[in-house]
There are 2 protein chains.
Amino acid sequence: MIILLVEDDTLLAAHSIDFLAKEGIEVDYASTVMQAKSISEQQRYDAIVLDINLPDGDGLSLAQQWQHTRSEPILFLSARDTLADKLTAFSFGALDYLTKPFALEELAVRIKLLANKATPKTNKRFELDSLSVDLSAKIITRAQRVIVLSPQQWQLLALLIEHYPNPVDKATIINTIWPDQDSNNNMYKSLLTRLRSNLSHEHETPLLHTLKKQGLVLRRENTDE
Amino acid sequence: MIILLVEDDTLLAAHSIDFLAKEGIEVDYASTVMQAKSISEQQRYDAIVLDINLPDGDGLSLAQQWQHTRSEPILFLSARDTLADKLTAFSFGALDYLTKPFALEELAVRIKLLANKATPKTNKRFELDSLSVDLSAKIITRAQRVIVLSPQQWQLLALLIEHYPNPVDKATIINTIWPDQDSNNNMYKSLLTRLRSNLSHEHETPLLHTLKKQGLVLRRENTDE
DNA sequence: CTATACTGTTACCTTACGGTTACCTCTGTC
DNA sequence: GACAGAGGTAACCGTAAGGTAACAGTATAG
């Protein structure tokens, strides 16, 4: 079992890593948002433990960015123990929240629980029509042809796959891809056109359908009459 | 979503039930171990919330008994906040542990998380005659034929399904679909005609019936008053 | 420093959604 | 029987939401 720990208190981190090792939990460690991003690039974890206060940003926005590109369960650590803090964290995709100071034993137990819950989701492959997506390797093919997507396009596709076969609300998409930006409808339209054109070359059946006023779906059938 | 709450503090229980109801969580309630056992006999829950200290036993042993007979995720409540207490609870199969006093909001969030983990999203379906509606995926079929509805028509159909098998008052419909607008009766009539024509092509039996002066119903036959 | 890719921006096109109107049927009441 | 009032249908059409293409600014690589 391997987790990612992002925590700027190096002493606490050292103790944690030490203790978790005894519990059979391997730890990748980062002390800043920047580090966390680069370290985690090529790795899949069983869980991610995020401190909220970090020197170059905060764990919350990091979690938000990862919410739809990564599938790891997230546990937040924070000295802040007000209800508002906790609710915010959960709304950012946290699956658990531990206030400092905490016992390392409890952290270990909760990590193990999160990791166990996540394991049944080992199936990391998505198939629809002639489209095939490897979510962990980030490789997409359509009818034997390899497709390369830009970061934004990948984010959108991952979001749609995550909700498949249900549609995703346009507002949700915009909030996910442009978390802080002012929501510009044109950016959304452009992104959509681009993803569409990449996913279906030539005369392949379109897979991205928008339900007016309701959102965007990934489906096979052409729902025309 | 329905949960089982076992808690001997009736005041706390009442508040909790009240609050959870507002969050859309239905609660079966028991104040003792005995009660909990008999109430839960025939029911499957999305999660179980157990107080540890109970008048006729303790939540821990209850959890232990259920460990192999029931599959629901368990969250413990307790005023005891020592590490040992927590570790014990987790070793008895707890998936979460909340120390009293706690905020009802946090309880609600954690319950929802537990319930989600347990149930890998099953979409809500509605079936009537040859009509089949997937409310999450927003797919409608009538006798294998896919039906596409406009946003307003969706809203209306969803509203009717929500109240099925009861009729929905015309005023309610108008207020739902045109919340701020001035209620124009013609708009209502148009919408209704359009939805009807979409739902039953050709000679299929009509499913939308208006009961004079009472409202609109989804029904198989016109079994009027 | 050039080349390339990615994304934000603009301008324009197309479609079908939904409001409007006109007219029809049916039922009940005086 | 005529009229009122509710419910139902069909057609018309302005408009906004959705879709596309081309351009520009910025980064990143080589």
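Values in this document were obtained by computation on a predicted structure and should not be read as measured data. The chains referred to below are lettered A, B, ... by the order of the sequence lines, with proteins before strands, and numbering in each begins at 1.
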Review point. Is the shortest heavy-atom distance from the side chain of B:Arg70 to the side chain of B:Tyr45 under 4.5 Å?
Key: yes

Check your understanding: Counting just side-chain N and O atoms, does A:Asn184 come under 4.0 Å of either OP1 or OP2 of C:dT9?
Key -> yes

Review point. Pick one: which of A:Arg145, A:Arg220, A:Glu204, A:Arg142 meets side chain to side chain donor-acceptor pair (under 3.5 Å) with A:Ser130?
Key: A:Arg142

Review point. Do the side chains of A:Phe76 and A:Thr88 get nearer than 4.5 Å, heavy atoms only?
Key: no

Please tabulate, for the side chains in residues 11-18 of chain A, all donor-acceptor contacts under 3.5 angstrom to protein atoms that are two or more places apart in sequence or on a different chain.
residue : atom : partner : partner atom : Å
A:Ser16 : OG   : A:Leu12 : O            : 2.8

Practice item. Grab the CG-P distance between A:Asn185 and C:dT9 for me, whole Å please. Key: 12 Å

Review point. A:Trp178 side chain N/O closer than 4.0 Å to the phosphate oxygens (OP1, OP2) of C:dG8?
Key: yes

Exercise for review: Starting from P on D:dG7, measure out to CD1 on B:Ile173 and report it in whole angstrom.
Suggested key: 11 Å

**Study point:** Under 4.0 angstrom between A:Gln152 side-chain N/O and C:dG8 OP1 or OP2
**Key:** yes

Point to revise | Protein-nucleotide distance (A:Ile174, atom CD1; C:dG8, atom C1'), rounded to Å | key: 14 Å

Practice item. Could you pull out all residues at least two apart from A:Asp9 that satisfy salt bridge (Lys or Arg N to Asp or Glu O under 4.0 Å)? Key: none

Exercise for review: Find out whether B:Leu218 and B:Phe126 are in side-chain contact, i.e. whether some heavy atom of one side chain is under 4.5 Å from a heavy atom of the other.
Suggested key: yes

**Study point:** A:Asn198 CG to C:dA5 C1', straight-line distance once rounded to whole Å
**Key:** 12 Å

Exercise for review: Would you please confirm or rule out a distance under 4.0 Å between OP1 or OP2 of D:dG7 and any side-chain N or O of B:Lys170?
Suggested key: yes

Revision key, fill the gap. Rounded to whole Å, the CG-C1' distance (A:Leu211 to C:dA16) equals 14 Å

Review point. For C:dA16, does either OP1 or OP2 sit under 4.0 Å from a side-chain N or O belonging to B:Ser150?
Key: no

Detail all sub-3.5 Å separations between protein N/O atoms and N/O atoms belonging to nucleotides 19-22 of chain D.
residue : atom : partner  : partner atom : Å
D:dG19  : OP1  : A:Arg196 : NH2          : 3.2
D:dG19  : OP2  : A:Arg196 : NH2          : 3.0
D:dG19  : N7   : A:Lys189 : NZ           : 3.4
D:dG19  : O6   : A:Lys189 : NZ           : 2.6

